[in-house]
Chemist: 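Submitted below is the structure of interest, expressed as structure tokens.
Naming convention: chains lettered A, B, ... in sequence-line order (proteins, then strands); numbering from 1 in each chain. Since we're looking at a predicted model, the values are computed, not measured.
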There are 2 protein chains.
Amino acid sequence: MPASPRPADVKLTGLIGTLRCCQLFSGLSAEDLAVIAGFTVMQKLAKDDYLFHEGEPARGCYLVQSGAVNVHRVSAAGKEQVIHVFRSGESFAEAALATPTGYPANARAVEPSTVLILPKAPLLDLIGHRPDLALRMLGSMSGHLRVLVGMLDDLTLKDVETRLLNWLVKHSHAARGGAIQLPGTKRVLAAELGTSSETLSRTLGRLRDQRLISVSGKKITIHNLAAVQAMLRRNLGEN
Amino acid sequence: MPASPRPADVKLTGLIGTLRCCQLFSGLSAEDLAVIAGFTVMQKLAKDDYLFHEGEPARGCYLVQSGAVNVHRVSAAGKEQVIHVFRSGESFAEAALATPTGYPANARAVEPSTVLILPKAPLLDLIGHRPDLALRMLGSMSGHLRVLVGMLDDLTLKDVETRLLNWLVKHSHAARGGAIQLPGTKRVLAAELGTSSETLSRTLGRLRDQRLISVSGKKITIHNLAAVQAMLRRNLGEN
DNA sequence: CGGGTTGCTTGACACAGGTCAAGGCCCGAC
DNA sequence: GTCGGGCCTTGACCTGTGTCAAGCAACCCG
């Protein structure tokens, strides 16, 4: 029938599409994807809504369909340390599946987002039947380990300027006409880089004085990508 | 027969014993353990021997039988950041199993050690047949994730004094007669805390001046554990 | 025994970056 | 319009910690 399928089917095929796009499930068979889609729950989040808090018992793991989710910890004094900002197609909280302890961090939407929740029980069940899925989960988690290890040396082996240069280079590919559009406020970027908005402001100013970039509002223009990369490499060499 | 078994058997049952002790394999059936022991390779390391270097293709994952292994990264400038020191019974480099990329860090024995190598291929094969083993691996990796997350806020949310207090409290249970015996040199401890030996020395000195602890050689005596814990809590509250 | 090595301690100093405070800019509400 | 509140920027200041350097104690070895 060329007629449009029932709403539920539309939703389901849409879901399967999203699942297939995400790295975690990219090569799975259609049947397996259907099984997963069957128990997936969709949740919409407004900006600043919390998805979960540290210590809460784990519902399952998550997959960002759209928007961005900030996973972070807060110290006893209320200071926030960003672990990672997950964007569309990325999965997180796999760690919560395998251990009885609660979430080790908090998750909050930095903009309006929709996430897919993969509940613990049926997913574990499926993993029991599909060893290759287990391997994928292992792979995904080891990816997260690498990200964390990367953060570690970001925080210990590099200064703010270097971290910013690194961020610029990483995001230069997303530049439209050499201009990077900031996803959120500068304060958010500062947090993502593990610094304060004041220091970020100063550092941007310094780069601007050196004619490497120019900043106007939420738009950062890289004048000379090669020079930025050279400066990054030089900073990495010294520390 | 009450007579002693052949050397190979002795070695095998010894291996199985070690495997059973380690958290990763603690509840496995005797058969599975025998299979694993069958492909396990033992390696002895002298102090300062490298087990592997960053970027090398992964042989498999590792299990410390005795001694201690320092997993760390080094910056372009040669500075070393300790990720974790693994001691007997602990496993590491599980991440290397699931991804084709090489090791993300270096591993070096901090004292004479013996490690068991679990080669990639047969272990992955076994995981394919034993979904519960896959779940264990997931659990172990999520443990490592938590350790890394813990390190993150150690490094960002706490100063050296707080990190030292935390270390003291964590290791106070291992104190014999209130005295903690340092595993290695003070420089090693400093590296583990992510600081320099000078700063560690000063910080220890400050705690000693406050009569909280006393230090003599490689022995640290905690005079008043409750006071140390109180100070730790207070530091955490402020930051 | 003296000389070298190694590790620990202490002092002096420099610097990155966090915090506080004040001023400027933009924008939406009224 | 103009009032108010975010956000950004800039300046002034302070503190923690890394680094360099010198002195000291312990130990090994010929």
Chemist: B:Leu189 has an atom CG; how far is it from atom P of C:dG7, in whole Å?
Modeler: 15 Å
Chemist: Can you tell me the distance, in whole Å, between the CD atom of A:Glu161 and the P atom of C:dA16?
Modeler: 10 Å
Chemist: Side chain to side chain donor-acceptor pair (under 3.5 Å), that's the test. Do A:Glu94 and A:Ser140 meet it? Break it down for me.
Modeler: CA-CA 8 Å; A:Glu94 290 96 338; A:Ser140 169; 2.7 Å; yes
Chemist: Is the backbone N or O of B:Lys170 less than 3.5 Å from a side-chain atom of B:His173, with the two atoms forming a donor-acceptor pair by type?
Modeler: yes
Chemist: Whole angstroms only, please: what is the NZ-C1' distance between A:Lys218 and C:dC25?
Modeler: 14 Å
Chemist: Test A:Arg146 against B:Thr99 for side chain to side chain donor-acceptor pair (under 3.5 Å), laying out the working first.
Modeler: CA-CA 11 Å; A:Arg146 280 165 207 268; B:Thr99 52; 3.0 Å; yes
Chemist: Whole angstrom is fine here: how far is it from CG in B:Asp48 over to P in C:dT6?
Modeler: 13 Å
Chemist: Rounded to 10°, tell me the angle between the two end axes of the helix from C:dG4-D:dC27 to C:dC30-D:dG1, each built from five pairs.
Modeler: 20°
Chemist: Which class fits the ring pair A:Phe52 and A:Tyr103: parallel under 30°, tilted 30 to 60°, perpendicular over 60°?
Modeler: parallel
Chemist: Out of curiosity, B:Leu165 CG to B:Leu212 CG, how far, rounded to the nearest 0.5 Å?
Modeler: 7.5 Å
Chemist: Tell me: CZ of B:Arg187 to P of C:dT9, nearest whole Å?
Modeler: 11 Å
Chemist: Rounded to the Å, how far apart are B:Lys186 NZ and D:dC24 C1'?
Modeler: 14 Å
Chemist: For the residue pair A:His84 and A:Phe86, does the interplanar ring angle fall in the parallel (under 30°), tilted (30 to 60°) or perpendicular (over 60°) class?
Modeler: perpendicular
Chemist: I need the CD1-C1' distance between A:Ile220 and D:dT9, as an integer number of Å.
Modeler: 15 Å
Chemist: Verify the distance criterion only: is there a donor paired with an acceptor across the side chains of A:Gln65 and A:Thr18 at less than 3.5 Å?
Modeler: yes
Chemist: Return the residues of residues 192-209 of chain B meeting this criterion: a heavy atom under 4.0 Å from some atom of DNA chain C. Order them by number, or give none.
Modeler: B:Glu198, B:Ser201, B:Arg202, B:Arg208
Chemist: Take atom CZ of B:Arg187 as the centre, draw a 6.0 Å sphere, and report whether it contains more than 12 heavy atoms from other residues, nucleotides or ligands.
Modeler: no
